[in-house]
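Proteins get letters first, then strands, A, B, ... in listed order; numbering begins at 1 in each.
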2 protein chains.
Amino acid sequence: MEKQEHTFLSPNTVEESARIFKALADPTRIKILYLLSQEECSVGHITEVLNMTQSAVSHQLGLLRNLRLVKYRRDGNTFYYTYDDEHVITILNQVISHIECK
Amino acid sequence: MEKQEHTFLSPNTVEESARIFKALADPTRIKILYLLSQEECSVGHITEVLNMTQSAVSHQLGLLRNLRLVKYRRDGNTFYYTYDDEHVITILNQVISHIECK
DNA sequence: AATGTATATGAACATATGCTCATATACATT
DNA sequence: AATGTATATGAGCATATGTTCATATACATT
């Protein structure tokens, strides 16, 4: 039996992929990103909609910010978040569609 | 400012999405699934290619099996694994392409 | 039957993760 | 300046995760 040729992933590609999937591998972050995929949201609004503590939401937003998946603008005391990675939103929506179409 | 209408995700959709993303949120599993996306592989082959212990690989395969992302056939003492969720492979490849095209 | 081979599995352990609680920060209002 | 408001941040904690080590399992070979 002949050995087939393979493509190998570079370590960097593997790590980067894992980082993206890790970002999406949590119910809270999925809900946040799904909300932001529909409209700009303040932290307070997200907190209300998800029915979570302000701190928990803010920590997750910080994480998404570090990964450059979201960005924000400030208006007085209010911080408005939007998504910042179109491709990740696309992937999220694809997975959601896949599940809902079952 | 008028409130916009939103779509909400059902708890089940959120949980299912998180489960899929969690499955992909680990370098070892990404490498295994990428290998399997190219060809059927025995456990021993995966172990060699990834340069990991047999046990570590087997544990991860068990996890992927539980999630119905891979299946296997037996031939004597050798277990040959293949992927079992086309859609998850598609998602994986999309993320990989996205990263490599940067 | 005894030994060898390939893989699975359970326990243990170190690290990562996601939350809470308390507090800091920065701007707004009085 | 003092107080209020919205958000960020650090410490601590419980749980989840990924690996190793030892061993079990199931089939093959002698």
>> Once hydrogens and angles are ignored, does a donor-acceptor distance under 3.5 Å link the base of D:dA6 to the side chain of A:Gln54?
In response: no
>> Output the rounded distance in Å from CD1 (B:Ile46) to C1' (D:dT19).
In response: 17 Å
> If we require ring centres under 5.5 Å and near-parallel planes under 30°, does A:His59 stack on C:dC19?
Replying inline: no
> Counting only side-chain N and O atoms of A:Arg65, is one of them less than 4.0 Å from OP1 or OP2 of D:dT9?
Replying inline: yes
> Reckon B:Thr78 touches a base, only the sugar-phosphate, or nothing at all at heavy-atom distances under 4.0 Å?
Replying inline: sugar-phosphate
>> I'd like to know whether B:His98 forms a side chain to side chain contact (heavy atoms under 4.5 Å, CB included) with A:Glu16, so could you lay out the CA-CA distance, the side-chain angles of the two residues, the decisive distance to 0.1 Å, and finally the verdict.
In response: CA-CA 10 Å; B:His98 179 237; A:Glu16 268 299 302; over 6 Å; no
> Looking at A:Glu40, A:Arg74, A:Lys71, which hits side-chain contact (heavy atoms from CB on, under 4.5 Å) with A:Tyr80?
Replying inline: A:Glu40
>> Test side chain to side chain contact (heavy atoms under 4.5 Å, CB included) on A:Leu35 and A:Leu50; report intermediate values, then the result.
In response: CA-CA 10 Å; A:Leu35 260 179; A:Leu50 301 195; 4.1 Å; yes
>> Without decimals, in angstroms, what is the distance between B:His45 NE2 and C:dT5 C1'?
In response: 18 Å
> Just how large is the angle between the end axes of the helix from C:dA1-D:dT30 to C:dT30-D:dA1, five pairs per end, to 10 degrees?
Replying inline: 10°
> Do any side-chain nitrogens or oxygens of B:Arg74 fall under 4.0 Å of OP1 or OP2 in C:dA6?
Replying inline: no
> Counting only heavy atoms not in B:Arg65, do more than 12 sit closer than 6.0 Å to its CZ atom?
Replying inline: yes
> Contact class for A:Tyr72 vs. all strands (heavy atom < 4.0 Å): base, sugar-phosphate, or nothing?
Replying inline: nothing
>> Strictly below 4.0 Å: does A:Ser58 bring a side-chain N or O up to OP1 or OP2 of D:dT9?
In response: no
>> Nearest whole Å is fine: how far is C:dC19 P from A:Leu50 CG?
In response: 10 Å
> Would you say B:Tyr81 reaches C:dA8's phosphate, i.e. side-chain N/O to OP1/OP2 under 4.0 Å?
Replying inline: yes
> In whole angstrom, what separates A:Leu67's CG from C:dA16's P?
Replying inline: 15 Å
> Checking all strands, does A:Gly44 fall into the base, sugar-phosphate, or nothing category for heavy-atom contacts under 4.0 angstrom?
Replying inline: sugar-phosphate
>> Check this for me: A:Phe79, atom CZ, are more than 12 non-hydrogen atoms of other residues, nucleotides or ligands nearer than 6.0 Å?
In response: yes
>> Taking any heavy-atom pair under 4.0 Å as a contact, classify B:Tyr80: base, sugar-phosphate, or nothing.
In response: nothing
>> Heavy atoms from C-beta onward define the side chain here; which of C:dT17, D:dA8, D:dT19 lies closest to that of A:Lys22?
In response: C:dT17
> Once you round it to whole Å, what is the distance between P of D:dG18 and CD of A:Glu15?
Replying inline: 13 Å
> Atom CG of A:Asn66 and atom C1' of D:dG10: how far apart are they, to the nearest Å?
Replying inline: 14 Å
> Nearest to the side chain of A:Ala56 - C:dT20, D:dC27, C:dT9?
Replying inline: C:dT20
> Going through the checks in order, is the side chain to side chain contact (heavy atoms under 4.5 Å, CB included) test met by A:Lys22 and B:Asp26?
Replying inline: CA-CA 8 Å; A:Lys22 270 182 195 171; B:Asp26 172 75; 5.8 Å; no
> Are the side chain of B:Ser58 and the backbone of B:Gln54 linked by a donor-acceptor contact shorter than 3.5 Å?
Replying inline: no
> To the side chain of B:Asn77, which of D:dC27, D:dA6, D:dG10 is closest?
Replying inline: D:dC27
> When the distance from CD of B:Gln60 to C1' of C:dG10 is rounded to whole Å, what number comes out?
Replying inline: 16 Å
> In whole angstrom, what separates A:Leu61's CG from D:dA8's C1'?
Replying inline: 10 Å
> So which of A:Ile91, A:Thr13, A:Leu24 actually passes side-chain contact (heavy atoms from CB on, under 4.5 Å) with B:Val95?
Replying inline: A:Ile91
>> Let's test your reading of the model: under 3.5 Å, does the base of C:dT7 pair with the side chain of B:Ser42 as donor and acceptor?
In response: no
> Counting just side-chain N and O atoms, does B:Ser55 come under 4.0 Å of either OP1 or OP2 of D:dT20?
Replying inline: no
